Amino acid sequence: MKPTIPKGTRDFLPNEMAKRNYIFNTIKEVFRLYGFNQIETPAMENLSTLMGKYGEEGDKLLFKILNSGDYLANVSADELVTKESNKLVNKFSEKGLRYDLTVPFARFVVQYRDKITFPFKRYQIQPVWRADRPQKGRYREFFQCDADIVGSDSLVNEVELIQLIDDVFTRLQLNVLIKLNNRKILSGIAELIGEHDKIVDITVAIDKYEKIGLENVQKELLEKGLTLHAIETITPIITLSGDNGTKLEMLKKVLATSSVGMEGIQELQTVLNYVAGLNLKTAIEIDLTLARGLNYYTGAILEVKSLDVQIGSITGGGRYDNLTGVFGMQGVSGVGISFGADRIYDVLNQLELYPKEKMNQTNVLVLPFGEKEQVYGLEIVKELRKNGIAAELYPDVVKIKKQLAYADNNGIPYVILIGENEINTQTLTLKNMLTGEQYTGDKDTVFAKIL
RNA sequence: GUGAUUGUAGCUCAGUUGGUUAGAGCGUCGGAUUGUGGUUCCGAAGGUCACGGGUUCGAGCCCCGCCUUUCACCCCA
């Protein structure tokens with residue numbers, strides 16, 4: 001039998017975990033600094049919690065868990081014969097793997113509303129699963145690192161999250177661009193031309209402007225069923241360019257008659273004004289083609305792109321005004337972001353942006369020449385650890401050549417050799433694996449050299 | 001879900017128009033070297049050619065199916 005893992009999943013070797021932990025620890029530390037508190041939720045949720053929250057596409061991508069036991073007991077032969085998987089699945093599956101961290105969080109907020117003080121700031125770092133077809137930067141199991149604030153309408157939250165994003169990527173030394181949009185502006189555009197359900201087609205078409213040109217975009221919109229008048233109305237929006245200020249001015253003109261649209265512009269402007277005073281390292285750009293998560297976002301929408309590596313967005317987020325509504329709790333607005341840890345990991349790998357000093361694990365390997373030395377070695381590693389030095393003792397009595405190769409392959413910077421000579425003279429021999437330098441002396445001097 | 005693409009030793013890959021016993025490098029193990037790794041030399045182990053069927057005197061190579069890899073679309077972190 002060949003050892004393999006399911007499609008779209010990954011194993012991580014020790015050196016890879018060191019890199020991933022560097023990412024997780026960085027994000028965690030920033031979350032903590034911004035006052036978010038950690039929670040966890042189960043890997044699986046009731047399907048009733050998950051279904052219908054991510055649109056039709058999302059429902060298809062949910063991993064469903066077979067009921068335990070005789071899961072076909074309640075399915076009649078007639079029903080089985082129909083082969084209608086989508087209907088039948090409800091009969092033998094009532095749990096699914098979580099698809100993101102936001103919906104389980106909404107469930108969590110409603111369920112524990114009596115134990116939570118609003119505004120509630122939580123962070124959550126856990127894997128999610130999607131039955132997608134894997135490709136570059138897309139996995140079926142990946143970690144999201146979410147920070148959300150629920151129970152506050154203030155745009156200060158948006159500003160704080162943008163600052164947090166800037167903080168994280170600055171620490172990770174990644175060049176990124178924050179793209180910003182507002183769902184209300186998109187609604188305004190739709191309102192303007194009376195085509196509420198065409199908003200996705202419109203954003204997709206705008207997105208292609210730079211690639212295929214105005215004429216082709218207009219042609220595509222025509223094919224999608226927009227009237228010539230409607231296309232003419234939104235043409236200034238398709239060709240929108242320049243800095244954020246110019247874009248906002250143009251939008252104000254075009255959307256002047258739409259109150260929702262103007263509200264979105266106002267929000268965007270306010271956020272940008274606040275952020276301008278914070279001197280962030282990351283550039284922020286208004287991007288009307290950002291329509292991500294259209295299913296539940298109601299205000300700000302944001303996305304982060306790596307400037308050095310071509311991969312999908314590495315962070316996304318936005319405001320959702322009524323996510324808890326479906327769980328029976330109305331009028332709670334939230335805003336949140338989600339770092340895609342696995343994509344950030346891929347980007348960092350490609351750029352090799354890991355600080356070396358944070359990557360190695362064991363500092364010292366103790367090499368015994370024989371059994372007697374092994375006993376002495378046990379005492380030595382114990383004392384090393386007491387001094388805060390990560391140390392291990394080679395567990396088998398084998399040739400020193402082999403023990404040194406172990407240290408070498410594992411990138412252990414120091415070894416301590418213990419043989420008959422060392423025991424007789426009460427000394428230790430320290431070897432620097434990088435330089436090959438060796439020093440024999442008493443325990444305290446050797447320890448001092450390592451520290 | 002749609003369209004391509006990949007699969008040969010633990011890893012990376014050769015393998016001619018179908019032709020005898022399928023190769024290399026790296027890694028592993030042993031030795032040169034019983035107290036010295038990362039350099040060198042010698043040797044060894046390691047294969048259901050993804051899997052199942054078919055064509056053929058003969059298939060790693062051709063055909064069909066299936067799984068898998070990677071990529072694009074859709075959607076997304």
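Within every chain, numbering begins at 1; the chains are lettered A, B, ... in the order of the sequence lines, protein sequences first and strands thereafter. All figures in this text were calculated on a predicted structure; none of them were measured in a lab.
- Here the shortest heavy-atom pairing between D321(A) and T298(A) reads N-OG1, 2.9 Å.
- Looking at heavy-atom distances under 4.0 Å, G137(A) makes contact with a base.
- If you take OH of Y139(A) and C1' of U70(B), they are 12 Å apart, rounded to a whole angstrom.
- As judged by a 4.0 angstrom heavy-atom cut-off over every strand, L434(A) is placed among the base-contacting residues.
- On the C1' atoms, G58(B) is 33 Å away from C11(B), given to the nearest whole Å.
- Within the nucleic acid shown, L417(A) comes within 4.0 Å of at least one base atom, counting heavy atoms only.
- Residue-level contact check: A405(A) touches the backbone only, with heavy atoms under 4.0 Å from sugar-phosphate atoms and none from bases.
- Contact annotation: K60(A) side-chain N/O to C75(B) OP1/OP2 distance is not under 4.0 Å.
- One can find a donor-acceptor pair under 3.5 Å joining the base of C75(B) and the side-chain atoms of R138(A).
- Of the side-chain N and O atoms in Q135(A), none sit less than 4.0 angstrom from OP1 or OP2 of U70(B).
- Taking atom P in both G19(B) and C63(B), the straight-line distance is 15 Å, to the nearest Å.
- Counting only heavy atoms from C-beta on, R133(A) has its side chain closest to G3(B) among U36(B), G3(B), G31(B).
- For OH of Y376(A), the number of neighbouring non-hydrogen atoms (other residues, nucleotides, ligands) closer than 6.0 Å is greater than 12.
- If you take CD1 of I311(A) and C1' of C76(B), they are 12 Å apart, rounded to a whole angstrom.
- Contact annotation: K399(A) reaches the phosphate of G31(B) (side-chain N/O to OP1 or OP2, under 4.0 Å).
- Taking atom C1' on both nucleotides, G52(B) is separated from A59(B) by 15 Å, rounded to a whole Å.
- Residues passing the salt bridge (charged side-chain N to carboxylate O under 4.0 Å, His left out) test with E16(A), sequence neighbours excluded: none.
- When the P atom is compared between G30(B) and A22(B), the two are found 28 Å apart, to the nearest whole Å.
- Checked against side chain to side chain contact (heavy atoms under 4.5 Å, CB included), E29(A) has the following partners two or more places apart in sequence or in another chain: R32(A), L33(A), R171(A).
- Across the C1' atoms, U39(B) and C26(B) are found 16 Å apart, a figure rounded to whole Å.
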Test L180(A) against N244(A) for side-chain contact (heavy atoms from CB on, under 4.5 Å), laying out the working first. CA-CA 10 Å; L180(A) 209 54; N244(A) 293 337; over 6 Å; no
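- At a threshold of 4.0 angstrom between heavy atoms, the contacts of N421(A) include nucleobase atoms, whether or not backbone atoms are also involved.
- Shown here, C26(B) forms a base pair with G10(B); the pair counts as Watson-Crick or G-U wobble because both key distances fall under 3.5 Å.
- For the pair V30(A)/F36(A), no side-chain contact is recorded, criterion being any heavy-atom separation below 4.5 Å from C-beta on.
- The same atom, P, is picked in G15(B) and in C75(B); the two are 41 Å apart, to the nearest Å.
- Rounding to whole angstrom units, CH2 of residue W129(A) and P of C75(B) are separated by 25 Å.
- Counting distance only, with no hydrogens placed and no angle test, the side-chain atoms of N409(A) and the base atoms of G38(B) include no donor-acceptor pair under 3.5 Å.
- Side-chain proximity of M433(A) to the nucleotides G37(B), G31(B), G35(B) is greatest for G37(B).
- Residue P134(A) is the one, among P134(A) and E141(A), whose nearest nucleotide of RNA chain B lies closer to the 5' end (criterion: closest heavy atom).
- Atoms CZ (R140(A)) and P (G1(B)) sit 9 Å apart, rounded to a whole Å.
- Counting atom types as modelled, K401(A) pairs no side-chain N or O with a base atom of U36(B) as donor and acceptor under 3.5 Å.
- The phosphate of U68(B) (OP1 or OP2) has a side-chain N or O of K7(A) nearer than 4.0 angstrom.
- Considering CG of L365(A) and CD of E392(A), their distance stands at 5.5 Å, rounded to 0.5 Å.
- The side chain of E57(A) lies closest to C74(B) when the candidates are U36(B), C29(B), C74(B).
- Rounding to whole angstrom units, CD1 of residue I400(A) and P of G38(B) are separated by 14 Å.
- Counting non-hydrogen atoms under 4.0 angstrom, G312(A) reaches nothing in the nucleic acid.
- Using a 4.0 Å heavy-atom distance criterion, Q403(A) is classed as making no nucleic acid contact.
- Spacing of C1' atoms, G18(B) relative to G60(B), comes out at 10 Å, to the nearest Å.
- The separation of C29(B) from U55(B), taken at their C1' atoms, amounts to 44 Å, rounded to a whole angstrom.
- One interatomic measurement links the two molecules: CG of D59(A) to P of G1(B), which rounds to 15 Å at whole-angstrom precision.
- Heavy atoms of E422(A) sit under 4.0 angstrom from at least one base atom.
- Counting non-hydrogen atoms of other residues, nucleotides and ligands closer than 6.0 Å to CD of E420(A) gives a total of 12 or fewer.
- Here the P atom of nucleotide G1(B) and the CG atom of D132(A) are 11 Å apart, to the nearest Å.
- Here U39(B) presents its C1' atom at 12 Å from CG of D408(A), a figure rounded to the nearest Å.
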